[in-house]
Novice: 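Quick one: structure below, then a few questions.
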Amino acid sequence: MATPHINAEQGQIAKVVLMPGDPLRAKFIAETFLKDVKQFNEVRNMFGYTGTYNGVEVSVMGSGMGQPSIGIYSYELYTQFGVEAIIRIGSAGSYKEGLNVYDVIMADSAYSESSFAKVAFGYEEDTLKPSAKVNESLRASAVKLGIPMQEDRVHSSDVFYRDSGETWQELRDNHGVSCVEMESFALFANAQKLGKHAACILTISDSFVTSEVTSAEERQLSFTKMMEIALDTASTITF
């Protein structure tokens, strides 16, 4: 049954969903990698598609930017459409040397100052973990494909621009985070609450250390290594 934000019918969405922030990235993945693609959502232009990858049904859908947005879409996917696992595939800004533009990193945990998990579920923790099962599969897929992938804690920020509070260097040193993005903490909170699976792999789009940066077009079209890792996992993992 359709929700206010997803106008799909039952059976149109696979058990594993890849979730980039940008709906145009979801469109790119569907058109580039999936076969027999059917679009299941266009509400608010938050495009969602289901097709097959290596003969296995896989879905991909945008999440929008920020924890409130992915919080809505992931909650509805988990509770209303039978989704078992969501793999966030996004971009991040590097906080440390050795994590460079275009590198792929998998979150082994997500730290956040956000009140999302506390307000939604009463969670007091400021650090949440992804699904060990999905992370294990992502790790195996990266090895199989020969794609280097680092693993570390990520910072899920509620703000893109900040001029108060901890600096990025302090965030890195005080909380053990290696890069910053804006969604995974909320995704992990929803999965934990609902007994579902969630994971996050990211491509570094810019570096606070070196000031390197990629363009919007590059972020939309060129971050294919993490897409291939996530697609391989989505087509091999079972629930």
Side-chain angles (χ1 to χ4, degrees), residues 19-22 25 63-72 74 86-132 134-135 138-139 142 148-193 198-216 218-219 222-223 225-226 229:
M19 217 165 203
D22 185 353
R25 193 179 297 163
S63 72
M65 289 190 290
Q67 299 190 67
S69 187
I70 197 171
I72 291 171
S74 62
I86 296 174
I87 304 172
R88 163 162 158 68
I89 48 174
S91 57
S94 173
Y95 282 166
K96 72 174 189 178
E97 294 182 6
L99 185 59
N100 302 312
V101 170
Y102 293 112
D103 283 352
V104 177
I105 182 168
M106 179 177 73
D108 63 21
S109 55
Y111 162 79
S112 186
E113 317 95 320
S114 174
S115 62
F116 179 94
K118 183 175 182 179
V119 172
F121 310 123
Y123 293 164
E124 297 292 341
E125 302 98 317
D126 62 11
T127 303
L128 296 176
K129 292 186 177 182
S131 163
V134 180
N135 271 20
L138 289 167
R139 193 178 296 116
M149 183 175 72
Q150 300 188 43
E151 302 180 31
D152 212 337
R153 177 172 298 167
V154 304
H155 173 210
S156 294
S157 178
D158 266 344
V159 297
F160 191 85
Y161 302 103
R162 68 165 67 207
D163 60 8
S164 66
E166 293 174 295
T167 66
W168 66 266
Q169 296 97 332
E170 290 169 334
L171 284 160
R172 178 195 62 200
D173 298 340
N174 294 340
H175 306 287
V177 292
S178 62
C179 61
V180 59
E181 50 88 61
M182 301 185 70
E183 287 83 24
S184 61
F185 183 79
L187 175 62
F188 296 172
N190 279 355
Q192 180 175 311
K193 176 64 178 180
C200 174
I201 56 174
L202 304 161
T203 300
I204 298 303
S205 60
D206 58 280
S207 172
F208 286 76
V209 179
T210 66
S211 298
E212 291 178 282
V213 64
T214 58
S215 69
E218 287 172 323
R219 290 191 293 274
S222 301
F223 289 2
K225 291 181 179 178
M226 70 174 171
I229 295 170

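We count residues from 1, following the sequence as given. Side chains included, hydrogens not; waters and symmetry mates left out as well; all remaining heavy atoms used.
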Novice: Quick one: does Ser114's side chain have a donor or acceptor within less than 3.5 Å of a partner on Asp158's backbone?
Specialist: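 The answer is no, because no donor-acceptor pair under 3.5 Å joins these two groups.
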Novice: What closest approach, in Å, do Met149 and Leu138 show between heavy atoms, and which atom pair accounts for it?
Specialist: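 Minimum heavy-atom contact is CE-O, 3.8 Å.
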Novice: Could you give the distance from CE (Met19) to CD1 (Ile87), rounded to the nearest 0.5 Å?
Specialist: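 Going from CE on Met19 over to CD1 on Ile87, the span is 12.0 Å.
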Novice: Is the closest side-chain heavy-atom distance between Gln192 and Tyr123 below 4.5 Å?
Specialist: yes
Novice: Relative to the ring of Trp168, is the ring of Phe208 parallel (under 30°), tilted (30 to 60°) or perpendicular (over 60°)?
Specialist: tilted
Novice: When you measure from the side chain of Asp108 to the backbone of Arg153, do you find a donor-acceptor pair of N or O atoms at a distance under 3.5 Å?
Specialist: yes
Novice: Which heavy atom of Gly90 sits nearest a heavy atom of Arg88, and at what distance?
Specialist: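 In terms of heavy atoms, the two residues are closest at CA-NH1, 3.6 Å.
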Novice: Can you tell me if Glu166 uses its side chain to pair, donor with acceptor, with the backbone of Asn174 under 3.5 Å?
Specialist: no
Novice: Under the criterion side chain to side chain contact (heavy atoms under 4.5 Å, CB included), I'd like the reasoning laid out for Met182 against Ile70: C-alpha separation, chi angles, the key distance, then a yes or no.
Specialist: CA-CA 9 Å; Met182 301 185 70; Ile70 197 171; over 6 Å; no
Novice: Any side-chain heavy atom of Arg162 within less than 4.5 Å of one from Ser157?
Specialist: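 Arg162 vs Ser157: side chains touch.
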Novice: Do Thr203 and Ser91 have side-chain heavy atoms sitting under 4.5 Å apart?
Specialist: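 Thr203 does not reach Ser91 side chain to side chain.
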Novice: How about Leu187 and Cys200: do any of their side-chain heavy atoms sit closer than 4.5 Å?
Specialist: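 Side-chain contact under 4.5 Å: no.
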Novice: Within a 6.0 Å radius of atom CD on Glu97, are there more than 12 heavy atoms belonging to other residues, nucleotides or ligands?
Specialist: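 Open: at most 12 neighbouring heavy atoms sit under 6.0 Å from CD of Glu97.
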Novice: Quick one: SG on Cys179 to CG on Leu99, what's the gap to the nearest 0.5 Å?
Specialist: 6.0 Å
Novice: Are any side-chain N or O atoms of Gln67 and backbone N or O atoms of Glu183, one a donor and one an acceptor, separated by less than 3.5 Å?
Specialist: no
Novice: For the atom pair NZ (Lys225) and CD1 (Ile89), what is the distance rounded to the nearest 0.5 Å?
Specialist: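 The NZ atom of Lys225 sits 15.5 Å away from the CD1 atom of Ile89.
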Novice: Would you say Ser207's side chain and Asn100's backbone share a donor-acceptor pair under 3.5 angstrom?
Specialist: no
Novice: Return the minimal non-hydrogen interatomic distance between Phe185 and Glu125, and the atom names on each side.
Specialist: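 Heavy atoms of Phe185 and Glu125 come nearest at CZ-O, 3.7 Å.
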Novice: Check whether any side-chain heavy atom of Leu171 sits under 4.5 Å from a side-chain heavy atom of Tyr111, and report yes or no.
Specialist: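 Yes; the side chains approach each other to less than 4.5 Å.
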Novice: Measure across Ile204 and Phe223 and return the closest heavy-atom pair with its distance rounded to 0.1 Å.
Specialist: O-CZ, 4.3 Å
Novice: Test your reading of the model: is there a side-chain donor-acceptor pair from Thr167 to the backbone of Glu170, 3.5 Å cut-off?
Specialist: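 Pair found, side chain donor or acceptor close to backbone of Glu170.
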Novice: Could you tell me if the side chain of Asn190 sits less than 4.5 Å from the side chain of Phe116, heavy atoms only?
Specialist: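 The answer is yes, as the side chains (C-beta and beyond) meet within the 4.5 Å cut-off.
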Novice: I need the single residue from His155, His175, Gln169 that forms a side chain to side chain donor-acceptor pair (under 3.5 Å) with Tyr95. Which is it?
Specialist: His155
Novice: Quick check: closest heavy atoms across Pro130 and Ala199, and the distance to 0.1 Å?
Specialist: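 For Pro130 versus Ala199, the nearest heavy atoms are CB-CA, 4.0 Å.
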Novice: Whether the side chain of Ser112 engages the backbone of Ser156 through a donor-acceptor N/O pair (distance < 3.5 Å, no angle test) should be reported.
Specialist: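 Indeed, once roles are kept as given, a pair shorter than 3.5 Å links the two residues.
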Novice: If you compare all heavy atoms of Ala107 against all heavy atoms of Phe188, which two are closest, and at what distance to 0.1 Å?
Specialist: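 Looking at all heavy atoms of both residues, the closest pair is CB-CZ, 4.3 Å.
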Novice: How many angstroms lie between CD in Glu151 and CE in Met106, if you round to the nearest 0.5 Å?
Specialist: 3.5 Å
Novice: Atom CD1 of Ile105 and atom CE of Met226: how far apart are they, to the nearest 0.5 Å?
Specialist: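 The CE atom of Met226 is 12.5 Å from CD1 of Ile105, to the nearest 0.5 Å.
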